[in-house]
Protein chains: 2
Amino acid sequence: MGTTEEKIRWGVEQRLEYIEFRLFWDGELKRGDITSRFGVSTPQASGDLATYRDRAPGNIDYDGSRKRFVATPRFKPRFIKPNADRYLAQLEAIADRVIGVDETWIGAAPAAEAMPIPRRKVDPAILKGLLAAIRAHRSIEVEHRSMNPQREETMWRRITPHAFGHDGLRWHVRAFCHIDKIFKDFVLSRCLAVGELHEPGAEPAQDDLWFSFLDVVLEPNPALNERDRRTIAHEYGMPDGRVTVPVRRALLYYFNKRLRLEAAKTIDDPTLAPLAVVNQDEFLSAIPATKSHRDLLM
Amino acid sequence: MGTTEEKIRWGVEQRLEYIEFRLFWDGELKRGDITSRFGVSTPQASGDLATYRDRAPGNIDYDGSRKRFVATPRFKPRFIKPNADRYLAQLEAIADRVIGVDETWIGAAPAAEAMPIPRRKVDPAILKGLLAAIRAHRSIEVEHRSMNPQREETMWRRITPHAFGHDGLRWHVRAFCHIDKIFKDFVLSRCLAVGELHEPGAEPAQDDLWFSFLDVVLEPNPALNERDRRTIAHEYGMPDGRVTVPVRRALLYYFNKRLRLEAAKTIDDPTLAPLAVVNQDEFLSAIPATKSHRDLLM
DNA sequence: TTGACAGGTTAAGTTACTTGATCCATAAGG
DNA sequence: CCTTATGGATCAAGTAACTTAACCTGTCAA
């Protein structure tokens, strides 16, 4: 009883979820957290807390001496399903200064530090232009710094983009290059400006390397001892000692570099490459196809 | 005139920001986008669009033939400041399946793919326990898979955590280990369970490696040709050909590995390591201090 | 013991909503 | 050509969800 379940407005639901999020991760919150984050009055925040108590009975208590609302020991989430990876993704964004703590629901962010890589910011206008070209299935002119020594240092080229790819360190746009007549990756932070939209140069479907996948079978590096292999198998979720990862062929090069797979079995210190590829012949022979365009590499 | 600027409720402001976000990035939206995302009625969504038109005159138009609201050519954001890195961070979270498209404001997400690394999910209960210990300045028992061959394969150890660190591939918790009496990193996905809180074993301030920084001076790899060096300098924001990055000594080991700095100048193919360290003596001699605990490496 | 802080409550009034109806414009299909 | 589907605008009546203003309670620290 008490749990009257009428329809509930979006704003109220957000605040109930916020209350529960804070109770789960921080274990506590105060009324002022609600009033300041959502700009509501104190009676409203009190009302929300009462509503929460009503709908999730036994989850919340008021600790008079600490002057905080606290989660009870038998707290059981009812409005959100807690997700550690989501929490950590937010923490990373905060550490990278991509968002502010006050834009998340994290109340007291723990001290956290991510790799401080001093990458140039991407110009919103450029990203916006590429998005527009992708949506409209058209080509766009891009001023791009090329690593190809045959080319001008920076040049305008027309490309027909269709997707974005992230190699773990930076974003590329996958596009048909009207000069070279092939599909390539263009690093976003090397795009200096964008121009007009025009007729497309190719259909996205023609980008075979993008649309075909290789099933990479990974195992703990056999150069490791039995025990370390078990640890790696556990960490990467390999119940039977292996895991199959479908990887776009266009991304195989980065996948290889990122996990140091190529040299895994020959490297002197196997702890540098915890994973190795089972279907290595297939894997290695699939890589060069993406490696032929020097622009991709660096 | 027209722009009456009374106080505005949180829910309304969210919708106005949503409208502008969509206009900027997607260039268009329809009334139904608002009703479905925020659960409001059609008259309300119409009202919001009218309010937006009122407050940001000249930004929005209705294209009757496409049956969409579209951004005008002279669109100028008034409620949000567009941030490409933030957009891309969301895109990455979507590609990694950490959040759903419907949880972001991105209307039509472009095709995007991030590195598919099959990492085990972190148990929310474990992260929550560590957060609680950090907040309370107490120690916590953790069942952890050790890579140290002297130790049991999995063992309970008491640690006093104080921060989180991300090496680009995974999260660690930085903590004082009550067994080894030193501060170490513990990979989150190797923590299997957490236990009770107790007295702390050390003050966070005693973690010298965490709280002291080394100024790493980076330059484009000198093994590259002049022109490629210029490109790298541009991409990493080095107006005078160098950039100084303060890095926590506790993270130097990962920083080195991630950017392949150690071997940068000697590696056969310099395109694999676009960056090199200027103050290399200082840098290399600072690394081993963090490298002494094998647990960190793999 | 006083004040500052955190929270709760009640009453009266306002704003932001909903439902349900009716109407308009455009595009696509027969 | 007419029909239907889609997407939008608007009005009227009613209702949640708010606000402001005032006043009350418990706990802690000076």
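Convention: sequence-line order gives letters A, B, ...; per-chain numbering from 1.
Rounded to whole Å, the distance from CD on B:Glu28 to P on D:dT6 is 18 Å. In this entry the distance linking CZ of A:Arg9 with C1' of D:dG14 reads 12 Å, nearest Å. For A:Asp48 and D:dA17, the CG to P distance is 10 Å, given to the nearest whole Å. Remark: C1' of C:dA4 and NZ of A:Lys30 are 13 Å apart, rounded to the nearest angstrom. Spacing between atom CD of A:Glu13 and atom P of D:dA17 amounts to 12 Å, rounded to whole angstrom units. One atom, CG of A:Asp33, and another, P of C:dA6, lie 10 Å apart when rounded to the nearest Å. Distance B:Tyr52 OH to D:dG8 P: 17 Å, rounded to the nearest Å. Rounded to a whole Å, the CZ atom of B:Arg68 is 17 Å from the C1' atom of D:dA9.
Of the N and O atoms on the side chains of A:Arg31 and A:Ser46, at least one donor lies less than 3.5 Å from an acceptor on the other residue.
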Query raised in the report: Can you give one letter per nucleotide of nucleotides 19-30 of chain C, going 5' to 3': B for a protein heavy atom under 4.0 Å from the base, S for sugar-phosphate only, - for none?
Result: BB-----BS---

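Ring-plane geometry between B:Phe79 and B:Tyr52 is classed as tilted, the angle between the planes lying from 30 to 60 degrees on a 0 to 90 degree scale.
For B:Ser46 and D:dT10, the shortest distance from a side-chain N or O to OP1 or OP2 is not below 4.0 Å.
Among D:dA9, C:dT18, C:dG8, the nucleotide with an atom closest to any side-chain atom of B:Val40 is C:dT18. Among C:dA6, D:dT19, D:dG8, the nucleotide with an atom closest to any side-chain atom of B:Tyr62 is D:dG8. The side chain of A:Arg53 sits closest to C:dG8 out of D:dC18, C:dG8, D:dG7.
Side-chain contact between A:Arg22 and A:Asp33 is present, with at least one heavy-atom pair separated by less than 4.5 Å.
The side-chain hydrogen bond (donor to acceptor under 3.5 Å, both in side chains) contacts involving residues 130-142 of chain A comprise A:Arg138-A:Glu199, A:Ser139-A:Arg158, where partners must be two or more places apart or lie in separate chains.
Formation of a donor-acceptor pair under 3.5 Å by the B:Glu113 side chain with backbone atoms of A:Gly165 is not found in this model. In this structure a side-chain-to-backbone donor-acceptor pair under 3.5 Å is missing from B:Glu17 to B:Gln14.
The residue among A:Phe69 and B:Val12 whose nearest nucleotide of DNA chain C lies closer to the 5′ end is A:Phe69. Nearer to the 5' terminus of DNA chain C, by closest-nucleotide assignment, is the contact made by A:Arg31 (compared with the other of B:Gly11 and A:Arg31).
Counting any heavy atom pair closer than 4.0 Å across all strands shown, B:Gly32 reaches sugar-phosphate atoms only and no base atom.
The existence of a salt bridge linking A:Asp63 and A:Lys67 is excluded, since no basic side-chain nitrogen approaches an acidic carboxylate oxygen closer than 4.0 Å.
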